[in-house]
There are 2 protein chains.
Amino acid sequence: MPTKVAIVEDDRLVREMLAGFLNDSPGFRCVCQFENAADALREIPQARPDVVLMDINMPGMSGIECLARLKELLPAIPVLMLTVYADTDNIFHALQAGASGYLLKRTDPDKLLEAIREVMSGGVPMTGEIAQKVIATFRPHPAGRPVPETPELSAREVEVLDLLARGFVAKEVADRLQLSFDTVRTYIRRIYVKLHARSRGEAVSKYLKSKRP
Amino acid sequence: MPTKVAIVEDDRLVREMLAGFLNDSPGFRCVCQFENAADALREIPQARPDVVLMDINMPGMSGIECLARLKELLPAIPVLMLTVYADTDNIFHALQAGASGYLLKRTDPDKLLEAIREVMSGGVPMTGEIAQKVIATFRPHPAGRPVPETPELSAREVEVLDLLARGFVAKEVADRLQLSFDTVRTYIRRIYVKLHARSRGEAVSKYLKSKRP
DNA sequence: TGTCTCGTCCCCCAAATGAGTGACGCCGCG
DNA sequence: CGCGGCGTCACTCATTTGGGGGACGAGACA
C-alpha cells in the first residue's frame, strides 16, 4: 500500500506539480490537495492521509496555524512543512507547533520523497540549512544550555516590558521613561522579535515565566 | 507653624475656594495650587508641602497617575485624593498607588480639615462610604480572607485569558473557542473589570501572578 | 418571584497596536 | 575599519483594542 499524502498549498501550479510528481513516484499517492488551510482542516480528518505536506505562506490562515490546529485534531499525523523561506522565526514556530520536518521548496524532488520516508519512520527531516538554524535557536550563543533560553533583552527593553506588564500602554511608558512614543514602539517590536511573541499578552507571559520558572 | 498644603485641581473655582478656605483656617496654609498634574509634578518637589490634596478627574494626566509619579519622587508625602466619584475602581487604583486618604468632594469643609490632621498624624482618612467599598474590595464576598484576592474568573474567562497569555488575539481566540468575536471581547472586558486591569499585559501579568505567587 | 451571574451575541467609536520602512549616532568586537 | 547591536526617533497603514451601550436565555439563589 502506497504512502497516502495530503498537500496543503495555495499555489495551484506548485500544488498540482507536487501531486503529479508524487503520483508518478512508486510507493506514494497524493490522496487529497487543498488550496487553503480551512479546507484542509475540514477534510483531512476524513481523508486520513499518512503524512501532510504543508505550505507555510498561504493567504488566510497560515500553514503554521493550520498545523497547530491539525495537531489538536490528529496529534499523531506527521506534517512536513514546505516553504521558500528559511527564516528562524517560522522554523521556531512550526517546530513548536509540532511539525515533523521542515523543507525548503527548492529541495530537489528526490530528497522530498526521501524526507517523506524518513518522516514515516519517525525521523524529523530537515535540510542542513534549516538544521543549523534549529540548533542555533536552541543553543543561544556560547557554551550552551540545552533548553530554549529567553534571548537576553537589553536593559531598556526590560524596562519597557516591565511597565507593559504593569498595565501601562505605550504612550504612558514613553512619558514615564521620557522617550518618544515611536521609540517605545520600536522597543516593543524588538522585544517581540526576541521573544517570538506577537502581542502584549504573549510577551508579558514569556517575560514573567522567564523570571520565575 | 501651619500645615503646608498643596492643591491639584483643574476646576479653578473649586481650587480657589479650597485654597481660600484653608488659608482662613488657623493651622493651615495653602502654599501652592496647580490646575494640572504636570505642573504639580514639576513644582511640588520644590514647594515641599506637608500634604497634597489631589483631584482625580483632570484633563490630561489623571490624579491617580500624578499620585503614582509623585510617590516616586517623594515617597513620604501624604496625598489625599479628592473626588466626586465613589467608584470602586478609582478607589482601588488610588490606594494601590499610595494615596493616604480618599475623600468625596461633597465632604463638608470641617471634615476636610479633620482629615488633613488625621493624615498628618499617620491616619488614612476616608468617608464611611469609601471605607465600605474598600473593605468590600479586599474581601471578595463570603467569609473573607484578609488579603486582596484574585476575584475568581469564570471558567470561560480563564480559557480566554489563557489563550491571550499565549499570544492569540481576540479573533483567534474566537475561532479556537468557536465563539463570536464579540463574545470574546465581552469576556475580555469582564476580565479587565474583575482584575482591575486595562490591558492585555496587565491582565496576563495578574493572572500569572495569581497562579504562581 | 425577583434579582444575579454567566454565556452568548450585537452595535459604535476613538485610540492603541502590529507591521513595515527608514534613519542616525555610538559603541564594541573582530 | 566595518558590521552588528543598541538607543533614539519618524512616518504610514490596516487591524485590534478598550470602552461605551444594549440584548436574551439559562441557572442560581433568595
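Below, read A as the first sequence line, B as the second, and so on, with proteins coming before strands; counting in each chain starts at 1. The model shown is predicted, which means the values in this text are computed figures rather than measured ones.
Side-chain contact between A/Val5 and A/Asp50 is absent, with no heavy atoms from C-beta onward closer than 4.5 Å.
Look at A/Glu159 and A/Arg156 and you find a salt bridge, because one of the NZ, NE, NH1 or NH2 atoms lies within 4.0 Å of a carboxylate O, short of that distance. Between A/Arg48 and A/Glu43 no salt bridge is recorded (no basic side-chain N to carboxylate O distance below 4.0 Å). One finds a salt bridge joining A/Lys194 and A/Glu157 here, because a Lys/Arg side-chain nitrogen approaches an Asp/Glu carboxylate oxygen to under 4.0 Å. Note on B/Asp11 versus B/Arg15: no salt bridge recorded, every NZ/NE/NH1/NH2 to OD/OE distance being 4.0 Å or above.
Among the heavy atoms of the strands lying under 4.0 Å from A/Ser154 are primed sugar atoms or P, OP1, OP2 only; no base atom is included. Across all strands shown, B/Thr186 has heavy atoms under 4.0 Å from base atoms, whether or not it also approaches the sugar-phosphate. Within the 4.0 angstrom heavy-atom criterion, base atoms lie near A/Thr183.
For B/Arg176, the side-chain hydrogen bond (donor to acceptor under 3.5 Å, both in side chains) partners are A/Glu72, not counting sequence neighbours.
Rounded to 10 degrees, the angle separating the terminal helix axes of the helix from C/dT1-D/dA30 to C/dG30-D/dC1, each built from five base pairs, is 60°.
Put simply, the side chain of A/Arg190 and the base of D/dG5 share no donor and acceptor less than 3.5 Å apart. Scanning atom types as modelled, one donor and one acceptor separated by under 3.5 angstrom connect the side chain of B/Arg189 and the base of D/dG19.
Nucleotides of DNA chain C that come within less than 4.0 Å of any heavy atom of chain A span, from the 5' end to the 3' end, C/dA16 to C/dT21.
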